[in-house]
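Remarks on the structure that follows.
Hydrogens, waters and symmetry mates are skipped; everything else that's a heavy atom, side chains included, is used. Both counts, for ligands and for their atoms, begin at 1 and track the order of listing.
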Amino acid sequence: MAHRFAGPADLHLHSNHSDGTQPPAEVMRQAHLHGVRTAALTDHDRTTGWAEAAQAAAANGMTFLPGMELSAKHEWRSVHVLGYLFDPGDAALQAETERIRGDRIGRAERIVRNIGRDYDLVWDDVVAQTTAGATVGRPHIADALVARGIVRDRTEAFAGILHPREGYYEPHYAPDPLTAVRLITDAGGVAVIAHPVTSGRDRMMPLAYIEQLIAAGLGGFEIDHRENTEQGKRLLRDIARAHDLIVTGSSDYHGEGKPNVPGENTTSEEMVARLIDRASGSSPQFA
Ligand code: AMP
Ligand code: FE
Ligand code: FE
Ligand code: ZN
């Protein structure tokens, strides 16, 4: 018998509940149009899109996995930890995501103030680009810069004004990855490090620290992601094999905000099954 989650799985998609440009239902529709049959909604630091996404997934005959991309930080590195099938009502996890989201607002205001010294940009421009209640990030500032005619698109904004080297950047509060992995795992979820080996400023965490994450219950790595380096993917596959970890592939779709297309990378049925078997915090919704 075919699995109830047969077909291409894309386990990393963003809606306008964070920095994607489309509502959760449209994200699921786009995933379906691109041939995805199992999808996870993984907005940054929030779970409010789950209900709409689950409903749209069902309407499109897709299996749905609830997820989130939790912001973390190791020294100067921004680390993103994907959480799947955790309990969205878990008090510790909720408290932490509230703290992150709250600090993201003040931090975005500081970045806008910095930019405003040199460009015609004010906080209201960013508010106008952000869905009420969404997790605020630099992509919303990028959209405000586009609306002001200062840059052409998000890509140009990130390559220039929003890049830390330009001097406008400010950090936001985030827990360390060990805390992030524990929070997700303790909430019954499975923690997977998102795009662990991008080039540039988010260079990979030291191997000894990754070993600590594994000891703390890390479920796996997102290996097939357009921003991981080829050399890094080989290294991660070796680590995953040695520790019998889950490996995933996904698009990191952000609607019109990025060139990433749903289904451009996918996760095998075997790995989806392992994710589901390992989790206890919430249930997948099968097609
Ligand atoms: P922040 O968490 O506010 O620092 O912003 C980081 C977010 O910006 C990530 O989640 C990415 O989705 C997005 N991002 C990073 N680089 C780019 C880019 N070149 N184009 C569009 N979005 C980007
Ligand atoms: Fe994002
Ligand atoms: Fe990410
Ligand atoms: Zn993402």
Do you see a donor-acceptor pair shorter than 3.5 Å between the side chains of [X] and [Y]?
X	Y	value
Asn114	Glu170	yes
Tyr253	Glu264	no
His44	Asp19	yes
Tyr209	Glu75	no

Heteroatom proximity flag, His44 to ligand 1, N/O under 3.5 Å: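 Yes, at least one N or O pair falls under 3.5 Å.
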Part of Asp252 within contact of ligand 1 (heavy atoms, under 4.0 Å):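 No part of Asp252 comes within reach of ligand 1.
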Numbering the atoms of ligand 1 from 1, which are under 4.0 Å from a heavy atom of [X]?
X	value
Pro139	5 (O), 7 (C), 8 (O), 13 (C)
His254	12 (O)
Gly257	21 (C)
Asp19	7 (C), 9 (C), 10 (O), 12 (O)
Arg154	21 (C)
Gly137	3 (O)

Donor-acceptor contact below 3.5 Å, side chain His140 vs main chain Gly137: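 Answer holds: yes.
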Option set His172, Arg138, Arg104, criterion heavy-atom distance to atom 2 (O) of ligand 1, minimum: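 Answer by nearest heavy atom: Arg104.
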Residue selection (non-hydrogen contact nearest atom 11 (C) of ligand 1) among His80, Lys258, His195: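 Nearest option to atom 11 (C) of ligand 1, by heavy atoms: Lys258.
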Member of Arg226, His80, His12 meeting the side-chain hydrogen bond (donor to acceptor under 3.5 Å, both in side chains) criterion with Asp252: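 Result for side-chain hydrogen bond (donor to acceptor under 3.5 Å, both in side chains) with Asp252: His12.
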Among Thr131, Thr48, Thr135, side-chain hydrogen bond (donor to acceptor under 3.5 Å, both in side chains) partner for His17: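 One option only clears the test, and that one is Thr48.
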salt_bridge(Asp143, Arg154) N-O dist < 4.0 Å: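 Salt bridge between Asp143 and Arg154, a charged N being under 4.0 Å from a carboxylate O: yes.
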Note: Asp238-Arg241 ion pair, threshold 4.0 Å (strictly below):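 Yes.
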Atom CD of Gln55: over 12 foreign heavy atoms under 6.0 Å: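 For Gln55, atom CD is not crowded (no more than 12 foreign heavy atoms under 6.0 Å).
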Shortest-distance N, O or S atom of Asp19 relative to the Fe ion (ligand 2):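 Of the nitrogen, oxygen and sulfur atoms in Asp19, the Fe ion (ligand 2) lies nearest to OD2.
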Name, closest N/O/S atom of His254 to the Fe ion (ligand 2):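 In His254, the heteroatom (N, O or S) nearest the Fe ion (ligand 2) is NE2.
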Name of the His14 atom (N/O/S only) found closest to the Zn ion (ligand 4):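 Nearest to the Zn ion (ligand 4) within His14's N, O and S set: NE2.
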Shortest-distance N/O/S atom, His12 versus the Zn ion (ligand 4):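 Nearest N/O/S atom: NE2.
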Arg107 to ligand 1, any heavy atom closer than 4.0 Å: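 Yes; Arg107 lies near enough to ligand 1 that a heavy-atom distance drops under 4.0 Å.
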Close aromatic pair by centroid cut-off 6.0 Å: Trp76 and Tyr169: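 No - the distance between ring centres of Trp76 and Tyr169 does not fall below the 6.0 Å cut-off.
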Heavy atom of the protein closest to atom 16 (N) of ligand 1 (residue, atom name, distance):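 Sorting protein heavy atoms by distance from atom 16 (N) of ligand 1 puts Phe158 CD2, 3.4 Å first.
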Heteroatom test (N, O or S) for His44 near the Fe ion (ligand 2), limit 2.8 Å: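 Checking His44: at least one N, O or S atom is under 2.8 Å.
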Vertex the Zn ion (ligand 4), rays to OE1 in Glu69 and OD1 in Asp252 - rounded to 10°: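 If I round to 10°, I get 170°.
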